[in-house]
Amino acid sequence: NQCCWILTSQNCFVPISEIIAVEEREFNKKQRNIGRWQKMAKLHAFTVYYVKRARNHRWRCSDVTFWCVDEHLCNQWTQALKESLEMQKSRPKQLLVYINPYGGKRQGKRIYEQKVAPLFNLASISTDVVITEHANHAKDNLFEVNIYKYDGVVCVGGDGMFSEVMHGLIGRMQKDSGIDQNNPKASLVQCNIRIGIIPAGSTDCICYSTVGISDPVTSALHIIVGDCQPLDVSSVHHNNTFLKYSVSLLGYGFYGDILKDNSEKKRWMGPMRYDYSGFKTFLSHHYYEGTIAYQPAKRTHGSPRDKESCRTGCYICKKSEKQLAEQTKEHGLKHEEGEEEWKVIKGKFLAINAVNMSCACPRSPKGLSPAAHLADGSADLILVRKCSRFDFLRYLVRHTNQDDQFDFPFVDVYRVKCFQFTSKLSEDNESNVMDIGKKRFGQFCRDHPACCCNIVNSTWNCDGETLDSSAIEVRVHCQLMKLFARGIEENCKDEAACSQSSIEQLL
Ligand SMILES: CCCCCCCCCCCCC/C=C/[C@@H](O)[C@H](CO)NC(=O)CCCCCCCCCCCCCCC
Ligand SMILES: Nc1ncnc2c1ncn2[C@@H]1O[C@H](COP(=O)(O)OP(=O)(O)OP(=O)(O)O)[C@@H](O)[C@H]1O
Ligand SMILES: [Ca+2]
């Protein structure tokens, strides 16, 4: 159980929950005795493989071998440790793995085979592996297979691949429970089959924001020890039609335009294509007019301007978990319609970003909203109003340093539980004031980027994919799904003490 520890060496303790595997070993050693070589009695030994913390939230597999002459004692230890591992009920035994061979730098298959599969073997995890052959292969497959025989689903790829697996799993759960995803007010059924992310993509924002690093070995170890991190998921609808789910970024304007420019034709550029499109989009400096209506998240404890970030065991997310359990007990699956007021904001925006988590990634280690929570049932809505190119650059640069990116008069941030957006163009269309001259002017301005006025719509970037509609309705579903992760750990002070590689120790 969690309270058992083994002492490895020099003040380094390993909790049972962080042991990866225990293996028997045999030694036939010769020992020097009174000047002569003598054959010694057979030595018995066992090796404990365990999690060792390295720099920047990295985890590595380390090992320590214990040996002695007493076979019975050695067996007792091995048995006791194996029994303790068996008692770790949250550990997966059988996993379904999807590998996208074309994600990121096209290294998914190699990463899985060389870095992850050997660790899963060591931990006696059995796997069914599917190498995807086309987009949506994993998603469609999750509607066909017997998902209930697995303890988790692993995706090897980027945020796009994760999104596919998430849509497959959440969609399958709703289908099996008879819930209509097209109803924006439906209370969705939680998905208890955890997803593990082996990062091999371009941005890997979900992995980075939930583990603290994009590193395949670290993620594999979090899967092996059976970590569990609940995650908020937003549903996106248009006119009572389900469009998509989002866990990281829903972005209109800047991030939508980056994606629009970022066609499949540029995939050969790998992750660099985002920087190229980002630079071009920055120069085009388009702003968009529209109306946002949102309901503030009053039940969540915390604000987007907090100095503290969401970390392992976050008490704000724990409170939300309790509230959710109480709510489910009182109302069952029935959606409890809040009476809270709607706030309405009209304006001209360079970017509208709604994030369910910080969206930290290697490009921006603190993310788009550094104090956003993984599982508090709310999203941070960031509105960047029309401003000069220079001011927008200052805003972007603050994503990469310690300065507060919300401390600008043209940036507002709200913690919300739902919101709606309508662009000025669709408002005009709806009220039938279609002016052909205006439309032509829109086209004209797009062709002349120096005139930043943009009467055409932007598109929504939903976790890296474009949405077909600009008018959307978004609702956050508290802790709808779970990951094999534990949130970002506070930095371990004893990293140096724990950094010894392999230790041989006498019982
Ligand atoms: C001067 C440097 C400023 C750097 C500012 C960096 C801010 C980066 C913030 C990244 C936030 C990522 C949010 C994650 C979104 C994912 O769901 C999604 C799917 O993977 N990724 C993208 O849409 C991919 C989004 C990729 C975004 C790349 C943005 C690059 C911006 C470059 C601007 C250059 C201006 C230079 C002017 C001289
Ligand atoms: N075999 C395949 N062939 C082509 N596309 C695939 C295949 N398998 C998965 N995909 C699609 O590739 C997209 C991108 O995958 P992934 O997220 O792994 O990589 P990425 O480089 O991070 O991409 P992006 O930055 O575009 O999200 C996913 O949306 C997924 O649907
Ligand atoms: Ca959240």
Side-chain angles (χ1 to χ4, degrees), residues 98-106 108 130-139 155-165 167 197-209 230-234 246-251 254-256 258-259 262 264 266-267 270-283 297 300 302 304 310 316-317 320 353-369 371-380 389-390 392-401 405 415-417 461-466 476-479:
Y98 292 104
I99 303 175
N100 175 3
Y102 301 115
K105 295 181 189 149
R106 300 176 179 232
V130 179
I131 297 174
T132 61
E133 286 162 12
H134 52 85
N136 287 327
H137 184 165
K139 184 181 143 203
C155 57
V156 184
D159 294 329
M161 195 57 196
F162 169 81
S163 174
E164 248 199 53
V165 167
H167 279 82
I197 309 171
I198 302 295
S202 302
T203 313
D204 297 325
C205 151
I206 300 150
C207 177
Y208 197 101
S209 300
L231 215 57
D232 296 335
V233 179
S234 290
S246 162
V247 279
S248 56
L249 165 70
L250 253 173
F254 185 65
Y255 289 101
I258 287 182
L259 211 60
N262 202 335
E264 284 298 304
K266 294 198 183 99
R267 195 163 271 283
M272 267 279 291
R273 69 192 190 281
Y274 285 112
D275 303 299
Y276 173 74
S277 300
F279 183 66
K280 266 178 77 182
T281 308
F282 170 79
L283 290 182
T300 45
C310 184
I316 289 182
C317 295
S320 293
N353 301 325
V355 296
N356 269 347
M357 54 171 72
S358 69
C359 284
C361 58
R363 280 189 191 86
S364 169
K366 62 178 186 174
L368 293 176
S369 188
H373 288 269
L374 293 170
D376 66 341
S378 75
D380 287 353
R389 272 194 186 82
F390 179 66
F392 190 55
L393 181 62
R394 284 172 64 213
Y395 165 72
L396 286 179
V397 168
R398 285 199 188 174
H399 289 75
T400 62
N401 62 30
Q405 65 249 53
R415 195 151 278 182
V416 305
K417 60 177 190 177
N461 172 340
C462 177
D463 291 356
E465 283 185 56
T466 48
V476 185
H477 299 262
C478 186
Q479 311 196 352

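Order of listing sets the numbers, starting from 1, for every ligand and every atom in it. Everything numeric in this text was worked out from a predicted model, so none of it was measured. Side-chain atoms are counted along with the backbone in the values below, which use heavy atoms only and exclude waters and symmetry mates.
Shortest non-hydrogen contact noted between V156 and M161 is O-CG, 4.0 Å. Closest of all the heavy-atom pairs between V165 and A138 is CG2-CB, 4.2 Å. Across all their heavy atoms, M357 and L231 have their closest contact at CE-CD1, 4.0 Å. F162 and V247 get closest at one heavy-atom pair: CE2-CG2, 3.6 Å. G108 and A200 make their closest contact through CA-CB, 4.0 Å (heavy atoms, listed as atom of the first residue, atom of the second, distance). When all heavy atoms of I131 and P101 are compared, the pair lying nearest together is CG2-CG, 3.8 Å.
Ring pair Y395/H399 is perpendicular by interplanar angle, where above 60° counts as perpendicular and below 30° as parallel. The aromatic rings of F392 and F282 lie parallel to each other, with less than 30° between the two planes, well short of the 60° mark.
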List the steps, then state whether side-chain contact (heavy atoms from CB on, under 4.5 Å) holds for S277 with I258.
CA-CA 5 Å; S277 300; I258 287 182; 4.0 Å; yes
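Protein heavy atom in closest approach to atom 31 (C) of ligand 1: G278 CA, 4.1 Å. The protein atom (non-hydrogen) at minimum distance from atom 25 (C) of ligand 1 is Y274 CD2, 4.1 Å. When only non-hydrogen protein atoms are considered, atom 29 (C) of ligand 1 lies nearest to I258 CD1, 4.0 Å. Regarding atom 5 (C) of ligand 1, its nearest protein heavy-atom neighbour is L396 O, 3.7 Å. In this structure, atom 4 (C) of ligand 1 lies nearest to the protein heavy atom T400 CG2, 4.0 Å. When hydrogens are left out, the protein atom nearest atom 1 (C) of ligand 1 is V397 CG2, 3.9 Å; that is the closest non-hydrogen contact. Here the protein heavy atom with the shortest distance to atom 21 (N) of ligand 1 is T203 OG1, 3.5 Å. The single protein non-hydrogen atom nearest to atom 10 (C) of ligand 1 is C361 SG, 3.9 Å, given as residue, atom name and distance.
Ligand 2 places these atoms under 4.0 Å from at least one heavy atom of G157: 18 (O). Per-residue contacts place G158 under 4.0 angstrom from the following atoms of ligand 2 (heavy atoms of the residue considered): 16 (P), 17 (O), 18 (O), 19 (O), 22 (O). Applying the 4.0 Å criterion to heavy atoms of Y274 picks out, from ligand 2, the atoms 24 (P), 25 (O), 26 (O). Contact atoms of ligand 1 toward L393: 37 (C) (distance under 4.0 Å to a heavy atom of the residue). Close contacts of ligand 2 with R273, meaning ligand atoms under 4.0 Å from a residue heavy atom, involve 23 (O), 24 (P), 25 (O), 26 (O). Taking a cut-off of under 4.0 Å to the non-hydrogen atoms of G464, the atoms of ligand 1 that pass are 17 (O), 18 (C), 19 (C). Set against the non-hydrogen atoms of D159, the atoms of ligand 1 under 4.0 Å away are 16 (C), 19 (C), 20 (O).
For the Ca ion (ligand 3), the nearest N, O or S atom contributed by D232 is named OD2. When the Ca ion (ligand 3) is compared with the N/O/S atoms of H373, atom O turns out nearest.
By heavy-atom distance, the residue among E164, H137, H167 lying nearest atom 30 (C) of ligand 2 is E164. Nearest to atom 7 (C) of ligand 1 by heavy-atom distance, out of F282, F279, Y255, F254, is Y255. For the residues C155, G160, A200, S202, the heavy atom positioned nearest atom 27 (O) of ligand 2 is part of G160.
With a 4.0 Å heavy-atom cut-off, ligand 1 is reached by no atom of I206. Contacts between H134 and ligand 2 below 4.0 angstrom, taking non-hydrogen atoms only, involve the backbone exclusively. Of all the heavy atoms of K105, none lies under 4.0 Å from any atom of ligand 2, so neither backbone nor side chain is involved. At a 4.0 Å heavy-atom cut-off, ligand 2 does not touch F162 at all. At a heavy-atom distance under 4.0 Å, only backbone atoms of D159 (N, CA, C or O) approach ligand 2. Residue-level proximity to ligand 1 for N461 is carried by the side chain, the only part with a heavy atom below 4.0 angstrom. Residue-level proximity to ligand 2 for E133 is carried by the backbone, the only part with a heavy atom below 4.0 angstrom.
Below 3.5 Å of separation, one finds an N or O of M161 facing an N or O of ligand 2. For T203, no nitrogen or oxygen atom sits less than 3.5 Å from a nitrogen or oxygen atom of ligand 2, counting backbone and side chain alike. Taking only nitrogen or oxygen atoms, main chain and side chain alike, D204 does not reach within less than 3.5 Å of ligand 1. Ligand 1 has a nitrogen or oxygen under 3.5 angstrom from a nitrogen or oxygen of S248. The shortest N/O to N/O separation between Y102 and ligand 2 does not fall below 3.5 Å. Checked by distance only, ligand 2 and G201 stay at 3.5 Å or farther apart across all their nitrogen or oxygen atoms.
Among the backbone and side-chain atoms of D376, an N, O or S atom lies under 3.0 Å from the Ca ion (ligand 3). Coordination check, S378 versus the Ca ion (ligand 3): passed, since an N/O/S atom of the residue sits under 3.0 Å.
Atom NZ of K366 is separated from atom OG of S209 by 14.0 Å, given to the nearest 0.5 angstrom. Taking OH of Y208 as the reference point, atom OG of S248 lies at 15.0 Å (rounded to 0.5 Å). Separation of atoms CD (E164) and OG1 (T132) is listed at 7.0 Å; rounding is to 0.5 Å. Rounded to the nearest 0.5 Å, atoms CZ (R363) and CG (D275) are 4.5 Å apart. The structure places CG of D159 at 7.0 Å from CG of D463, a figure rounded to the nearest 0.5 Å. Here the CG-CD1 distance, from N100 to I198, works out to 14.0 Å after rounding to the nearest 0.5 Å.
Side chain of S364 to main chain of C361: no donor-acceptor pair is present (N/O by atom type, distance under 3.5 Å, no hydrogens or angles).
Side-chain atoms of D376 and S320 form no donor-acceptor pair, as typed in the model, at a separation below 3.5 Å.
Of the residues listed (L249, D380, N461, L250), the one engaging N353 in a side-chain contact (heavy atoms from CB on, under 4.5 Å) is L249, and it is the only one.
Closer than 4.0 Å to atom 19 (C) of ligand 1 lies at least one heavy atom of the protein.
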